[in-house]
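Remarks on the structure that follows.
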2 protein chains.
Amino acid sequence: MGWFLERVAVYKVTGSENSLLRIGPPGPNILLTMSDRRTQILDAAATLISERGFTSTSVDDVIKGAKLSGKSHFYHYFKSKEELGYEVLNRQFERFAERGLAILREPMIDPLERLNLFIDAVVALQSESGGRRGSPFGNLAAELADAHEGFRVRIEAVFERWASQIRSLLWEARPQLHDDVDAVRLSRFIIAALEGAVLMTRVKRDLSVLEGIAADLKRFIAMHVRDGAAMQHNRAVE
Amino acid sequence: MGWFLERVAVYKVTGSENSLLRIGPPGPNILLTMSDRRTQILDAAATLISERGFTSTSVDDVIKGAKLSGKSHFYHYFKSKEELGYEVLNRQFERFAERGLAILREPMIDPLERLNLFIDAVVALQSESGGRRGSPFGNLAAELADAHEGFRVRIEAVFERWASQIRSLLWEARPQLHDDVDAVRLSRFIIAALEGAVLMTRVKRDLSVLEGIAADLKRFIAMHVRDGAAMQHNRAVE
DNA sequence: GGTGATTAGGACCACTCGGTCCTAATTTGT
DNA sequence: ACAAATTAGGACCGAGTGGTCCTAATCACC
């Protein structure tokens, strides 16, 4: 039985297989390498929460979804529904970081091209649920930002990490951009437009809404490109 | 005792004062001229729902907020919590139509200038709650679009009426706009950006987020303006 | 093979949920 | 003034809610 440090939390290595259990105090933005059962519960909860929201997903629903035997079986793995929610959020961000945000860091592609590819990826990710099921972050944000400070700060952190990825991409692309481009503002605009687009798409049950907004968003970004630098649509004002 | 038709619903006129009770079947988009008690309940519910969401607002909370005596007192005025939710949504749209959308129709102002003023109005409306409390439509959309079809179609209708106002403004402004401007797409983009901005603002608890996105959105709209036409001054040709 | 930790399982708790029922007070039209 | 309609009030319901407790079964390890 040994100890090691991963990210911020202390884990205790137990038994066979790769089942790790965190026993240190929970900190923000921790993603555990969990036992299979934990993963199973987390996956079931993620689906349910993204379908019906956090408050409307009961612990019993999660238990049913993860095919657990009973309440205490669940509470053996998670100390509360709240903690479950936090970890689901973390896992979903990690998933998004792998499948979406990663594009922003591809070193071999032109940064502005990467930004377009990232927008395409968001559209593609949304298409997987057929236009339903918005961004898990946007959903939780709308549901809990006012009511639950714990979730609010965690969602804020998610958006911040997302924005910072875009900011560093814009920094990388700065030779191609107008001098007065405000990376902070532009990164926020991109995220807001995408989150709003996903929301509208969900309400209208029509993926073309997202596609249209994504196309417009690309044009807006192109507006910030220097007249000389090639990126087809240069009708820059100012 | 008399009968008359207002909007879509049949009302029965009772007693003194202006207390009207709908007795016809409920249809979409009906706004009742209600008894004072109904208004009182609706107002309390609107506050609570915008603070904590629909599912997290209990009927008992509403009763407490509206200072009613008990459950059946509430159920005397509303046949269900769901119906209450629908009417709150309608009232909130009506309020938004009066205080926000109305600007889009001001006949004496240049249409594109009106659009900017409208965006300012959205920022101002949001400022009233100090950056908390998002658009009531966006909140309900995120919370219920997947889970509750009844709400979904009503929220869709709200966004559609909003979009159509913007579309007709853009139609009015078409002499000043590029020929290839797609009014449907642009109107959706504006709404999505604003809804996304309000959401981000709420998460970050920072009004400047909304202000920045609003400024960028104006620049995006300006991108569609013909090179010759200046937006500020009324140069509209009909 | 026994022992201590881990995993399962079920009964149960106090409380809240949306909603109903039934009766008393008040207001209404005549 | 009086009966009918409306408004108010409280007790109550069955089904959930998040969460605890206590006991079996299973497991790793000496």
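Throughout, protein chains are lettered first and strands after them, A, B, ... in sequence-line order, and every chain is numbered starting at 1.
Rounded to a whole Å, the NZ atom of A/K79 is 13 Å from the C1' atom of D/dG19. The interatomic distance linking A/L48 (CG) with D/dG18 (C1') rounds to 16 Å, in whole Å. B/Q40 places its CD atom 13 Å from the C1' atom of D/dA8, with the value rounded to the nearest Å. Straight-line distance from the NZ atom of A/K81 to the P atom of C/dC15: 19 Å, rounded to whole Å.
Taking all atoms of both residues into account, the shortest heavy-atom contact from B/A141 to A/R202 is O-NH2, 3.8 Å. Minimum interatomic distance between B/A145 and A/V203 (heavy atoms only, all atoms of both residues): CB-CG2, 4.3 Å. When every heavy atom of B/A44 is checked against every heavy atom of B/A66, the shortest pair comes out as CB-N, 3.8 Å.
Donor-acceptor pairing under 3.5 Å is recorded for the side chains of B/R37 and B/Q40.
For B/H76, counting side-chain heavy atoms from C-beta on, the closest listed nucleotide (D/dG18, D/dT6, C/dG18) is D/dT6. Minimum atom distance to the side chain of A/Y75 is reached by D/dT20, of the listed D/dT20, C/dG18, C/dC17.
Listed in residue order, the members of residues 62-74 of chain A having a heavy atom less than 4.0 Å from DNA chain C are A/S69, A/S72, A/H73. Using a 4.0 Å cut-off on heavy atoms, the residues of residues 50-60 of chain A that approach DNA chain D are A/T57, A/S58, A/V59, A/D60, listed by number.
Every residue two or more places apart in sequence or in another chain was checked for a ring pair (Phe, Tyr, Trp, His ring centres under 6.0 Å) with A/Y75, and none qualifies. Residues passing the ring pair (Phe, Tyr, Trp, His ring centres under 6.0 Å) test with B/F151 are B/F54, B/Y86, B/H148, sequence neighbours excluded. Qualifying ring pair (Phe, Tyr, Trp, His ring centres under 6.0 Å) partners for B/F93, counting only residues two or more places apart in sequence or in other chains: none.
For residues 45-65 of chain B, the pairs satisfying salt bridge (Lys or Arg N to Asp or Glu O under 4.0 Å) are B/E51-B/R133, B/R52-B/D61, B/D60-B/K71, with sequence neighbours left out.
Contact annotation: A/R37 does not reach the phosphate of C/dT6 (side-chain N/O to OP1 or OP2, under 4.0 Å). Side-chain N/O atoms of B/Y77 include one lying less than 4.0 angstrom from OP1 or OP2 on D/dA8.
Ring centers of A/F189 and B/F220: at least 6.0 Å apart, outside the cut-off.
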